[in-house]
Amino acid sequence: MKTEKTDFIPLDYDYFDFEGRNYIKIIGRNSQGKRLCVIDSCEVYLWAILKDSLEKDRISKLIEKIKKIKLNIKGRQTKVENVELYDKNFLGKPVKALKIFATNYKDLHDIADKLGLPEIEMRRGYDLGFATHYIMEKKIIPLNWYEISGEVLDHSEEFGKIGMHLDVDMCIKLLEKKEIADSDKKISFEPKVLAYDIETDEIKIGEGEILMVSLASQNFKKVITWKKPKTFSGKNIDYVEYVKNEAELLDKFVEYVRKMSPDFLVGYFSDGFDLPYLRARAEKLKVPLTIGLDESQPRFFRGGIGRGLGPAKISGIVHIDLLKFIQTAYSQYMQSETLSLNEVASEFLNDSKKNFKPKFSSKTHDHNWEDYYEYNLHDSVLTLRLFEKMWPDLLEFSRVMQEPIFDVSRNGMSSNVEDYIIHNLERFNEIPEKRPVHEEISGRRQMEKYEGAFVFEPVPGIYENIAVFDFTSSYGTTIVTYNLSKSTFLGNKKEKDSHSIVLEGKEVHFSKKPGFFPEMLKEIIILRKKYKQELKNKEDAVTRARSNAFKLLANAAYGYQGFFGARYYCREAAAATAGFAKKMIKEVIEKINKATYKVIYSDTDSIAFLIQDKTESKTLEFLKKLNSQLPGIMELELEGFFKRGLWVTKRTGTIGAKKKYALLGKDGRLKIRGFETVRRDWCPLARETQNKIIKLVLEEGNEKRALVYLKEVIKKIKQRKIDKEDLIIKTMLQKPLSEYKNITPHVIAAKKMQEKELPITAGNLIEYYIAQPKDGEGKKLVRERVNLSDEKGEYDIDYYLNKQVLPAAENIFQVFNVNVNEIIEGKKQMKLGDF
DNA sequence: GTGCGTGCCCTACC
DNA sequence: ACCGGTAGGGCACGCAC
């Protein structure tokens with residue numbers, strides 16, 4: 001037996017069965033850049049939580065009984081291997097629990113079914129998945145460095161000769177491992193990355209042909225294609241490799257992926273397009289897509305209902321669909337309105353290159369293939385650069401959640417919160433709660449909504465010298481401060497020093513004894529603070545990513561407890577979080593007013609107020625004083641001091657509009673919230689006009705120049721001098737077309753697209769404009785005037801004036817008692833009161 | 001049939 | 001498959017005339 005010692009960083013986890021047992025197969029690298037496969041196993045078990053006050057004798061008998069359980073599952077014989085008694089916690093309460101060992105993880109379900117015994121209260125811990133169970137058991141955490149030693153299997157017959165059939169530098173059976181402390185500081189890891197992108201002549205999966213595939217890696221760029229131009233322009237296209245036909249293209253793709261042998265194969269929407277397309281064409285043309293390290297083909301998992309295709313896994317190579325990760329980790333903080341590769345790349349990479357992808361049409365004969373190659377390659381290059389940019393975040397997400405990158409890159413934030421909890425339960429001696437079953441989920445979904453945040457009704461106007469205070473991680477710190485969670489919820493039973501709040505007319509209580517959920521959240525918030533502080537001293541991409549991961553976790557914890565799919569769902573905890581936070585912010589508003597400031601606005605966790613006769617430093621002192629009076633870990637911070645601020649009325653009536661304001665910072669920066677300016681379902685013309693008006697009004701302190709500007713815009717509209725692209729309205733299709741009850745303009749636009757055989761699915765951004773009806777057409781409804789963005793036609797002057805630009809400008813001028821309708825002719829329906 | 005008010009659907013934002 | 005609050009466009013529908 002040959003043994004080896006090496007350092008090792010795990011990247012991908014998979015498992016297989018051999019002689020009835022489960023083995024984990026970890027693919028990773030060592031610091032020499034060698035690719036390793038590590039085979040290991042771990043104990044497999046589930047928990048049976050015993051009923052209270054069972055006598056010792058009865059427990060012993062029960063253990064003997066369970067030990068005798070034998071199963072015959074589809075001809076496979078298996079049995080309970082051992083049973084041990086432990087003192088554990090479940091939802092914070094001490095319990096006696098049996099640890100029931102089995103041979104194979106897949107049998108746990110069937111064993112649990114056999115445990116419907118009177119002595120057993122609950123069965124838990126058999127729905128985690130083997131990889132998660134393994135990581136919990138052996139603490140071999142993704143993307144951490146380990147010193148390992150094991151038996152070399154490269155020429156071994158063991159495990160069905162796995163060592164001989166796997167394209168790795170070394171395959172070993174793990175014997176010992178030790179974590180290398182602070183390893184990320186000592187050993188850096190630079191992954192081998194290959195980005196890819198395909199071009200096809202038909203967008204529906206597999207229904208057209210793949211025309212070309214591009215590949216991009218650090219020092220490698222390639223376009224494989226079977227489409228040649230008739231004449232060459234002389235442009236340098238030496239990255240292009242020609243093949244005979246589509247089948248050869250697929251062969252070449254496989255060949256290059258195998259040759260490059262990347263750690264990560266990265267695409268953009270590749271779970272939903274590129275990889276399934278490649279599979280469909282490979283099946284059709286009978287070309288095996290053997291890109292796995294064991295020469296297996298990609299495996300496709302089922303997607304959820306209405307959410308398209310599921311993830312696509314390649315054995316030994318981590319397949320990443322960057323779009324998924326961007327959606328969960330970045331999109332809420334991004335400016336981009338669509339998550340198209342070009343827009344996202346231009347935001348993250350400052351790639352200003354205008355990237356018009358040439359539209360392929362099978363009817364076009366003299367196609368400019370050379371341009372097409374270039375665009376195809378560019379998409380892979382962008383994907384590669386985006387991956388490099390996001391790599392620190394992927395790395396830290398994986399380390400913090402302790403789940404493989406393949407999973408964390410696809411999970412939503414609720415799964416991330418849950419993974420973090422699951423992998424930290426052992427410190428609390430906690431048995432994991434089960435995932436809710438179908439009936440529980442539907443029951444939870446039918447629950448009434450609970451009362452949420454407080455929003456202050458502003459008095460419309462323009463204000464000067466404004467300060468804004470924010471609660472840092474408001475809901476997170478509330479959960480920690482008041483110990484709000486499923487395991488600390490007492491219902492209507494009071495305890496000594498318990499936290500009480502009235503929800504829906506009933507008083508409920510939460511224990512004072514810290515629960516594991518708030519405790520974990522407290523650690524998360526403290527760690528976030530620590531890394532943020534470290535960042536202030538020294539900027540570092542990995543620290544930034546870590547800080548960001550903890551911030552996102554802290555922010556998602558509240559939503560998690562109110563989420564119907566959560567293991568640790570607790571509607572009362574979620575409702576109490578909103579309730580306590582609401583009480584707290586109202587108290588602070590009172591205090592600010594008592595200190596002779598004047599609060600003008602507040603929403604959820606922020607308060608804007610006039611500093612009046614006071615100085616900024618005095619206001620900061622006041623902030624300190626406020627903080628000293630806040631309970632627990634709750635904390636207020638200064639968001640900023642602002643020169644001016646604007647609040648407007650609602651469209652209907654004279655009361656102030658909530659969630660709509662604009663602030664001009666001392667540094668000249670504008671902070672605009674809620675206005676049409678920031679809404680993508682308004683046309684760029686209306687948005688830009690409003691933005692300019694807000695800017696002028698805030699900078700000048702009056703409306704005069706803004707009015708001049710507005711008049712110019714109106715003139716241009718009437719003279720049809722506005723570009724079509726400034727009139728496009730973008731609206732997201734939120735569900736399948738057939739489910740719409742109201743036929744709105746964007747539904748009509750989507751139907752038009754469908755008629756053109758463009759595949760329309762939920763999540764598509766529908767782009768359209770409103771066209772001028774011809775005389776006598778009598779098209780009254782907006783939806784009767786919808787044109788697709790590339791459809792020819794004149795724009796509807798009346799619509800863009802009276803339904804877009806003027807409504808966006810109107811209530812800003814109203815603040816200055818200027819009625820734009822009186823001043824500007826062209827608003828057709830003048831009301832009697834206007835004369 | 002047209003005009004108008006109201007309720008509800010729907011999206012996107014905080 | 002993260003929560004609730006809010007604005008506001010637009011359609012559906014009932015009613016008056």
Side-chain angles (χ1 to χ4, degrees), chain A residues 303-307 327-328 332 337 410-418 435-436 441-442 444-445 447-458 470 474-476 479 552-566 568-571 573-579 581-582 601-606 648-653 655-661 671-683 686 729-735 739-748 762 765-766 770 778 780-786 799 802-804 807-808 810-811 829:
Chain A
I305 299 141
R307 280 183 297 119
Q327 276 169 342
T328 48
Q332 71 174 123
E337 273 157 29
R410 289 172 172 79
N411 283 343
M413 278 315 289
S414 75
S415 303
N416 287 331
V417 172
E418 196 153 280
R435 222 180 262 134
I441 293 178
S442 45
R444 292 172 181 185
R445 294 184 79 160
M447 294 296 279
E448 289 274 314
K449 286 193 165 187
Y450 58 83
E451 206 177 295
F454 167 68
V455 188
F456 190 102
E457 189 192 303
D470 267 3
S474 164
Y475 283 151
I479 291 170
L552 290 175
L553 267 183
N555 290 344
Y558 158 71
Y560 173 81
Q561 296 203 99
F563 168 51
F564 50 76
Y568 295 100
Y569 170 80
C570 183
R571 184 179 176 274
T577 307
K582 195 174 193 167
Y601 187 63
S602 167
D603 182 354
T604 314
D605 58 357
S606 69
V648 297
T649 65
K650 290 207 276 182
R651 201 82 82 214
T652 49
I655 63 166
K658 297 172 175 181
K659 296 184 186 285
K660 243 182 149 174
Y661 63 89
K671 184 178 175 179
I672 301 180
R673 292 289 119 99
F675 273 108
E676 287 74 8
T677 301
V678 299
R679 291 181 63 98
R680 69 164 173 222
D681 58 350
W682 282 70
C683 72
I729 297 162
K730 296 176 182 174
T731 313
M732 177 88 79
L733 200 69
Q734 299 277 25
K735 53 191 177 187
E739 285 176 27
Y740 279 88
K741 286 184 187 145
N742 276 350
I743 309 305
T744 51
H746 83 291
V747 173
I748 291 290
L765 199 65
I766 310 296
I770 305 303
K780 253 181 50 187
L781 294 174
V782 179
R783 68 169 174 216
E784 292 168 331
R785 287 174 274 154
V786 169
Y799 178 83
N802 293 317
K803 296 287 179 186
Q804 291 276 330
E810 220 159 41
N811 33 25
Q829 292 99 359

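Convention: sequence-line order gives letters A, B, ...; per-chain numbering from 1.
- Protein atom CD1 of I729(A) is 17 Å distant from nucleotide atom P of dG8(C), rounded to whole Å.
- With sequence neighbours left out, K671(A) forms a side chain to side chain donor-acceptor pair (under 3.5 Å) with E639(A).
- Put simply, K660(A) has a side-chain N or O that comes within less than 4.0 Å of OP1 or OP2 on dG8(C).
- What separates CG of N802(A) from C1' of dG8(C) is a distance of 16 Å, to the nearest Å.
- The side chain to side chain donor-acceptor pair (under 3.5 Å) check on Y450(A) picks up Y558(A), with sequence neighbours excluded.
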### Query
Once each nucleotide of nucleotides 1-10 of chain B is scored for protein heavy atoms under 4.0 Å, what B/S/- sequence comes out, 5' to 3'?
--------BS
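- Counting to the nearest Å, the C1' atom of dA12(B) and the CD atom of Q332(A) are 14 Å from each other.
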Can you give me the N/O atom pairs linking the protein to nucleotides 4-6 of chain C at distances under 3.5 Å, or say none if there are none?
| from | atom 1 | to | atom 2 | distance (Å) |
| --- | --- | --- | --- | --- |
| dG4(C) | O3' | Y450(A) | O | 3.0 |
| dG4(C) | O3' | G452(A) | N | 2.8 |
| dG5(C) | OP1 | G452(A) | N | 2.8 |
| dT6(C) | OP1 | K658(A) | NZ | 3.3 |

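- In this structure, CG of L765(A) is placed 7 Å from P of dA12(B), rounded to the nearest angstrom.
- Residue order along DNA chain C, read from the 5' end via each residue's closest nucleotide, puts M413(A) first among M413(A) and Y799(A).
- When rounded to the nearest whole Å, the span between CZ of R571(A) and P of dC2(C) equals 19 Å.
- Heavy-atom neighbours of K735(A) NZ from other residues, nucleotides or ligands within 6.0 Å: above the threshold of 12.
- Shown here are the salt bridge (charged side-chain N to carboxylate O under 4.0 Å, His left out) partners of R410(A), two or more places apart in sequence or in another chain: D271(A).
- Scanning all heavy atoms of the two residues, the minimum distance from F456(A) to Y601(A) falls at O-CE1, 3.3 Å.
- Within the 4.0 angstrom heavy-atom criterion, no nucleotide atom of any strand lies near G565(A).
- Following rounding to the nearest Å, E676(A) (CD) and dC14(B) (C1') show an atom-to-atom distance of 14 Å.
- Straight-line distance from the CD1 atom of I479(A) to the P atom of dC2(C): 16 Å, rounded to whole Å.
- One interatomic measurement links the two molecules: CZ of F675(A) to C1' of dC14(B), which rounds to 13 Å at whole-angstrom precision.
- Partners of Y799(A) under the ring pair (Phe, Tyr, Trp, His ring centres under 6.0 Å) rule, at least two apart in sequence or in another chain, do not exist in this structure.
- You'll find that the side chain of V782(A) is closest to dG10(C), out of dA7(C), dC13(B), dG10(C).
- Considering only residues two or more places apart in sequence or on other chains, T677(A) meets the side chain to side chain donor-acceptor pair (under 3.5 Å) condition with Q690(A).
- R679(A) comes within 4.0 angstrom of a nucleotide base, judged by non-hydrogen atoms across all strands.
- Of the N and O atoms on the side chains of Y569(A) and Q561(A), not one donor lies less than 3.5 Å from an acceptor on the other residue.
- No contact: V417(A) has no heavy atom under 4.0 Å from any strand.
- For F563(A), counting side-chain heavy atoms from C-beta on, the closest listed nucleotide (dC3(C), dT11(B), dC14(B)) is dC3(C).
- Residues meeting the ring pair (Phe, Tyr, Trp, His ring centres under 6.0 Å) test with Y740(A), sequence neighbours left out: H746(A).
- K730(A) meets the side chain to side chain donor-acceptor pair (under 3.5 Å) test with no other residue; sequence neighbours excluded.
- The side chain of R783(A) has dA12(C) as its nearest neighbour among dG9(C), dA12(C), dC2(C).
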